[in-house]
Amino acid sequence: MHAESLLELLRGRFSAAIGDILNQPAEQIDPIVRPSADSRFGDYQCNAAMSLARAAGCKPRELAERIAARVRLDDVAEAPEIAGPGFINVRLRDDWLASRIGGIPQAGAADRLDIPPRARVQRVIVDYSSPNIAKQMHVGHIRSTIIGDVIARVLAFLGDDVIRQNHVGDWGTQMGMVILGIWHVFRLETGGRCADAAALVGHFAAAAAEVGAGADPAARRARLVALGEEMSQALSTERSAEWGKWLGEFEAGRTRIAATLEVLTSAYRFVNAVEDAPESAEIGVRDPLRSRPVPLARLSNHIVAEMLHARHEEELHAWRIAREVSLRETQSMYERLGVLLRPEDVCGESFFHDRLEATVAELRGRLIERDRSQPAAAPYGVVRDDHGAVCVFLYDEKHEPQFRNPDGEALPLLIRKSDGAFLYATTDLAAVRYRIEELGARRLIYVTDARQVQHFRQFFAAARAVGWACHEVSLEHVTFGSVMGEDRRPLKTRSGATIRLSELLDEAEERVAAVIRDRQSAVGAEAADAEVRSLARAIGVAAVKYADLKNDRNSDYVFSWDKMVALQGNTAPYLLYAYARLRSILREAAADGGPQHRDAASASAAEIVLGHTAERALALRLLRFREALAVVAADLTPHVLCSYVYDLSSDLTQFYEACPVLKAPDARTRDSRLRLCDLTARTLKLGLELLGIQPIERI
RNA sequence: GCGCCUGUAGCUCAGCCGGACAGAGCAGCGGAUUUCUAAUCCGCCGGUCGGAGGUUCGAAUCCUCUCAGGCGCGCCA
């Protein structure tokens with residue numbers, strides 16, 4: 001197993017040579033070694049001579065000569081060549097490439113090719129996916145889920161101690177709406193108004209329409225007043241016994257209407273429509289425990305506040321039911337997507353809610369006013385109350401606000417609302433502390449959309465100011481752009497509704513199935529329907545994921561069905577096909593073993609011969625895998641890995657066209673090529689797996 | 001108003017911590033098939049890198065200004 005990549009090796013050699021020449025420690029020198037853009041200039045180039053010439057007191061070309069004469073490369077490369085103003089071109093020796101390829105160990109139980117795990121293990125948190133579980137997962141959740149998963153996989157593969165954290169939204173007002181929705185289910189079910197789930201869902205849809213924006217205002221108002229009257233019973237303690245008993249039945253599945261996500265979602269939509277209606281702000285709901293009525297528009301909010309104090313056991317019970325149902329659905333979506341998140345990675349808002357009070361208290365105690373007559377030693381924060389809200393104001397060393405509002409005034413980070421409720425900044429701060437102090441994290445990675453940059457900057461600054469995140473801890477916000485439709489607007493259905501993730505995957509599968517059937521009728525082949533469906537399932541998910549990953553994550557990406565399921569170009573089907581072709585060769589090699597039995601296994605010890613340029617290009621590409629991984633891990637850019645597997649597949653198909661394997665001219669060539677196939681298959685498989693894409697053995 | 005992101009070929013995008021004539025894919029045109037899976041490969045066509053200055057031996061890349069688009073800017077997350 002080699003400790004370093006080709007790039008690292010050459011970098012080390014050039015640093016040493018330049019260090020000698022300039023009489024400086026090699027570690028302080030950036031030798032500017034890059035892969036060559038054009039193969040005519042060799043495989044790698046050192047560009048340091050031009051920039052260092054002045055410091056060395058000679059002409060760039062002259063310095064290049066000296067470096068080239070000094071650098072020790074004879075064991076790995078041809079004699080370096082100097083070109084242009086002072087480029088030093090390096091062409092690796094074919095026999096060295098061959099021996100290096102030959103040094104890649106055979107596949108073990110967990111195949112890591114020749115890539116050693118990092119020497120220095122650090123604990124890394126990857127916070128990703130994090131949906132609000134009051135609603136079904138939709139396209140808005142896909143990017144964080146998919147991108148975060150790749151980051152977690154790559155870092156874990158390279159040897160980091162990765163802890164996945166799914167910071168689900170399971171405690172906010174929206175969960176209050178679901179709870180209130182369940183209460184409505186209870187009323188309707190026990191009132192005998194809805195016989196089954198279908199009737200109930202229909203009822204909620206109709207009732208939501210009655211209070212929606214399209215309804216007649218007078219009728220709407222009357223309806224809302226009646227609802228407000230009815231809902232006051234939701235706050236009444238006398239009904240607790242019946243409501244509590246029913247919840248037990250509901251949870252156990254003994255009610256006529258089962259606790260499914262569909263039921264809960266329709267109930268949620270209804271409550272949401274009620275609270276969103278313009279009149280709801282003025283309509284009061286009588287609370288027997290309070291002198292003042294609660295505005296209908298804020299009833300869910302109120303219920304969450306009540307829950308917080310655990311005053312109503314029933315609401316907590318309803319919350320648990322809603323959470324369970326929703327998380328089950330979320331988990332099955334992760335499984336369908338092939339995402340590694342498990343139930344035990346869920347650590348959401350509810351986990352932190354009883355730490356929030358202390359979080360605010362501690363911030364208040366530690367972020368105190370500073371003496372402004374002297375510059376501060378570092379950026380700092382100050383907690384102040386403003387209009388009843390608790391705010392963290394963040395300043396730089398010169399006491400200038402780090403953040404400003406549209407009027408140019410200091411923009412605080414709110415950690416407690418004037419009504420006493422906490423905000424997501426509070427939870428994020430409680431979580432950052434938990435992750436550093438209790439989970440021992442040294443690198444915290446948050447995968448969320450780019451619109452939240454300001455929030456992350458603020459709360460990172462606050463976490464630093466209060467001292468929970470010291471300098472050794474890295475806080476990283478991994479941003480990504482939006483998913484756009486082909487009309488350049490955020491992706492929606494034709495009617496303007498958000499697209500559920502399950503619908504998206506269904507459609508992907510259908511489209512892939514159509515493409516497969518197309519192909520087959522073109523070729524005159526016929527496959528069993530079940531086979532087409534199972535292929536479509538695998539390729540459909542792969543296509544969606546790959547399309548999301550292949551572009552630089554920061555740019556908005558244009559969602560195109562035709563492009564993602566295309567069989568040509570940089571797409572998942574192309575990659576999977578390349579892999580399947582390889583597997584096919586390796587299978588046949590194993591099958592026609594014969595007396596010599598030159599199957600994949602025995603070939604994996606064969607000597608590598610790089611006679612053809614396509615073989616050489618493939619070999620070099622294989623050895624560059626870890627360069628790609630290093631970039632992905634450092635910059636958290638999955639698209640670099642996509643580019644790599646595409647380039648590898650591209651090199652492979654060129655090799656495939658030019659170099660017969662099973663029909664190779666002689667046994668030595670055949671074994672060498674078989675081994676190249678084996679290594680390419682393993683590299684491609686590993687690359688795809690790190691992208692969260694399951695390779696397919698046969699297409 | 002301030003801040004962040006994005007402008008590269010007809011389309012979708014790489015390249016952006018400075019390096020050789022700016023690269024892919026798709027689309028278009030022309031070739032290759034008694035296939036180790038043609039869901040492939042090869043060739044051609046196609047670009048004032050939004051614009052203008054500046055720094056540099058060298059700028060798509062760094063700086064300044066500017067134009068265009070998107071997003072964000074205290075009690076939602």
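Both backbone and side-chain heavy atoms feed into the values below; hydrogens, waters and symmetry mates do not. Each chain gets a letter, A, B and so on, in the order its sequence line appears, and its residues count up from 1.
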**Prompt:** On a whole-Å scale, what distance lies between the P atoms belonging to rA22(B) and rC16(B)?
**Reply:** 16 Å

**Message:** Which is more 5' along RNA chain B, the nucleotide nearest Tyr646(A) or the one nearest Arg298(A)? Just name the residue.
**Reply:** Tyr646(A)

**Prompt:** Minimum heavy-atom separation for Met564(A) to Ala547(A), with atom names?
**Reply:** CB-CB, 3.6 Å

**Message:** Tell me the interatomic distance from Tyr574(A), atom OH, to rC26(B), atom P, rounded to whole angstroms.
**Reply:** 9 Å

**Asked** Donor-acceptor pair under 3.5 Å: do we get one between Gln45(A)'s side chain and the base of rA20(B)?
**Response** yes

**Message:** Using a 4.0 Å heavy-atom cut-off, does Ser555(A) contact any base of the nucleic acid, only the sugar-phosphate backbone, or nothing at all?
**Reply:** sugar-phosphate

**Message:** Quick check: on RNA chain B, is the nucleotide nearest Pro490(A) upstream (toward 5') of the one nearest Tyr424(A), or the reverse? Name the residue that is more 5'.
**Reply:** Pro490(A)

**Message:** For rU55(B), give the paired nucleotide (Watson-Crick: N1-N3 plus N6-O4 or O6-N4; G-U: N1-O2 and O6-N3; both under 3.5 Å), or none.
**Reply:** none

**Request:** Please work out which of the three classes, parallel, tilted or perpendicular, describes the rings of Phe559(A) and Tyr557(A), given edges at 30° and 60°.
**Result:** tilted

**Request:** Using the ring of Phe393(A) (Phe, Tyr or Trp, six-membered ring only), decide whether Arg384(A) places NZ or CZ under 6.0 Å from its centre and within 45 degrees of its axis.
**Result:** yes

**Complete:** Closest of rG72(B), rC57(B), rG74(B) to the Arg54(A) side chain is rC57(B)

**Message:** Taking CD in Glu627(A) as the centre, count heavy atoms belonging to other residues, nucleotides or ligands within less than 6.0 Å. Is the count above 12?
**Reply:** yes

**Asked** Contact class for Gln520(A) vs. all strands (heavy atom < 4.0 Å): base, sugar-phosphate, or nothing?
**Response** nothing

**Message:** Partner lookup for rC45(B), please. Criteria are Watson-Crick or G-U wobble with both distances under 3.5 angstrom; report none if nothing qualifies.
**Reply:** none

**Message:** Under the criterion of centre distance below 5.5 Å and interplanar angle below 30°, is Phe87(A) classified as stacked on the base of rG19(B)?
**Reply:** no

**Asked** Which one, rC41(B), rC4(B), rC36(B), comes nearest to the side chain of Gln654(A)?
**Response** rC41(B)

**Request:** Please determine, for the side chain of Leu423(A), which listed nucleotide (rA77(B), rG74(B), rA14(B)) has the closest atom?
**Result:** rA77(B)

**Message:** Between the base of rG74(B) and the side chain of Asp386(A), is one N or O donor paired with an acceptor at under 3.5 angstrom?
**Reply:** yes

**Request:** Using only heavy-atom distances, decide whether a donor-acceptor pair under 3.5 angstrom links the side-chain of Asn89(A) to the base of rA20(B).
**Result:** yes

**Asked** Tyr656(A) has an atom OH; how far is it from atom P of rC42(B), in whole Å?
**Response** 15 Å

**Request:** Let me know the distance between NZ of Lys563(A) and P of rC26(B), rounded to the nearest Å.
**Result:** 11 Å

**Asked** Where the side chain of Pro406(A) is defined as all heavy atoms beyond and including C-beta, which of rC75(B), rC41(B), rC73(B) is the nearest nucleotide?
**Response** rC73(B)

**Prompt:** Which pair of heavy atoms, one from Val274(A) and one from Ser280(A), lies closest together, and at what distance?
**Reply:** O-OG, 2.5 Å

**Request:** Identify whether any heavy atom of Cys677(A) sits under 4.0 Å from a base atom; if not, whether one sits that close to sugar-phosphate; answer base, sugar-phosphate or nothing.
**Result:** nothing

**Watson-Crick or G-U wobble mate for rG74(B), both contacts under 3.5 Å** = none

**Fill in**
Quick note, His639(A) side chain, CB onward, closest among rG74(B), rA14(B), rC57(B) is rA14(B)

**Request:** Provide the distance between the two P atoms, one in rU55(B) and one in rU61(B), to the nearest whole Å.
**Result:** 15 Å

**Request:** Is it possible for you to check whether Arg457(A) lies under 6.0 Å from the centre of the six-membered ring of Phe403(A), through NZ or CZ, and within 45° of that ring's axis?
**Result:** no

**Complete:** Taken to the nearest whole Å, CG/Asp449(A) to P/rC4(B) is 17 Å

**Prompt:** Near Lys59(A) NZ, under 6.0 Å, is it more than 12 heavy atoms from other residues, nucleotides or ligands?
**Reply:** no

**Request:** Check every atom of rA77(B), rC36(B), rG74(B) against the side chain of Ile585(A) and return the nucleotide holding the closest atom.
**Result:** rC36(B)

**Message:** Say we look at rA52(B) and rA9(B): how far apart would their P atoms be, to the nearest angstrom?
**Reply:** 16 Å

**Partner nucleotide, any strand, of rG25(B) [Watson-Crick/G-U, under 3.5 Å]** = rC11(B)

**Message:** How many whole angstroms separate atom OH of Tyr557(A) from atom P of rG25(B)?
**Reply:** 21 Å

**Message:** Among rC73(B), rA14(B), rU40(B), which nucleotide has an atom closest to any side-chain atom of Gln568(A)?
**Reply:** rU40(B)

**Request:** Could you check which nucleotide pairs with rC36(B) in any of the strands shown, counting Watson-Crick or G-U wobble with both distances under 3.5 Å?
**Result:** none

**Asked** How far does the P atom of rC13(B) sit from the matching atom of rG7(B), given to the nearest Å?
**Response** 10 Å

**Request:** Look at all strands and tell whether Ala580(A) reaches a base, only sugar-phosphate, or nothing, counting heavy atoms closer than 4.0 Å.
**Result:** base

**Message:** What contact category does Ser560(A) fall into here, base, sugar-phosphate, or nothing, at under 4.0 angstrom with non-hydrogen atoms?
**Reply:** nothing

**Request:** Determine the interatomic distance between P on rG15(B) and the same-named atom on rC2(B); round to the nearest Å.
**Result:** 30 Å

**Prompt:** Considering only the C1' atoms, how many Å lie between rG47(B) and rG3(B), rounded to the nearest integer?
**Reply:** 32 Å

**Asked** Rounded to the Å, how far apart are Leu567(A) CG and rC41(B) P?
**Response** 12 Å

**Asked** If you check every side-chain atom of Asn551(A), which of rG15(B), rC73(B), rC13(B) has the closest atom?
**Response** rC13(B)

**Request:** Report yes if a side-chain nitrogen or oxygen of Thr653(A) is closer than 4.0 Å to either non-bridging phosphate oxygen (OP1 or OP2) of rC41(B); otherwise report no.
**Result:** yes

**Asked** Looking across every strand, which nucleic acid part, if any, lies under 4.0 Å from Cys46(A) by heavy atom: base, sugar-phosphate, or nothing?
**Response** nothing

**Prompt:** Looking only at atom C1', what distance separates rG50(B) and rC67(B), rounded to whole Å?
**Reply:** 7 Å

**Atom pair distance, as rounded to whole Å: CG in Asp647(A) and C1' in rG15(B)** = 12 Å

**Request:** Mind checking Ala83(A) for me? I need base, sugar-phosphate or nothing, with any heavy atom below 4.0 Å counting as a touch.
**Result:** base

**Plane angle bin for Tyr424(A) and His455(A) - parallel if under 30°, tilted between 30 and 60°, otherwise perpendicular** = parallel

**Asked** Between rG74(B), rC4(B), rC75(B), which nucleotide has the shortest distance from any of its atoms to the side chain of Asn405(A)?
**Response** rG74(B)

**Ser650(A) side-chain N/O to rU40(B) phosphate OP1/OP2 under 4.0 Å** = no

**Fill in**
Whole-Å distance, Asn570(A) CG to rC11(B) C1', equals 15 Å

**Prompt:** When rounded to the nearest Å, what value does the distance between C1' atoms of rC26(B) and rU66(B) take?
**Reply:** 33 Å

**Asked** Is rG18(B) paired to anything, Watson-Crick or G-U wobble with both distances less than 3.5 Å, and if yes, which nucleotide?
**Response** none

**Prompt:** Where the side chain of Leu414(A) is concerned, which of rC73(B), rG74(B), rG70(B) is the nearest nucleotide?
**Reply:** rG74(B)

**Item:** Flag if over 12 foreign heavy atoms under 6.0 Å of CZ, Arg54(A)
**Value:** no

**Message:** Need one value for Ile32(A): base, sugar-phosphate or nothing, where a base atom within 4.0 Å counts as base even if backbone is also close, heavy atoms only.
**Reply:** nothing

**Prompt:** What is the nucleic acid contact for Val558(A), judged by heavy atoms within less than 4.0 Å: base, sugar-phosphate only, or nothing?
**Reply:** sugar-phosphate

**Message:** Exactly one of Arg616(A), Arg624(A), Arg34(A), Arg91(A) should register a salt bridge (charged side-chain N to carboxylate O under 4.0 Å, His left out) with Asp43(A). Which one does?
**Reply:** Arg616(A)

**Prompt:** What is the nucleic acid contact for Asn132(A), judged by heavy atoms within less than 4.0 Å: base, sugar-phosphate only, or nothing?
**Reply:** nothing

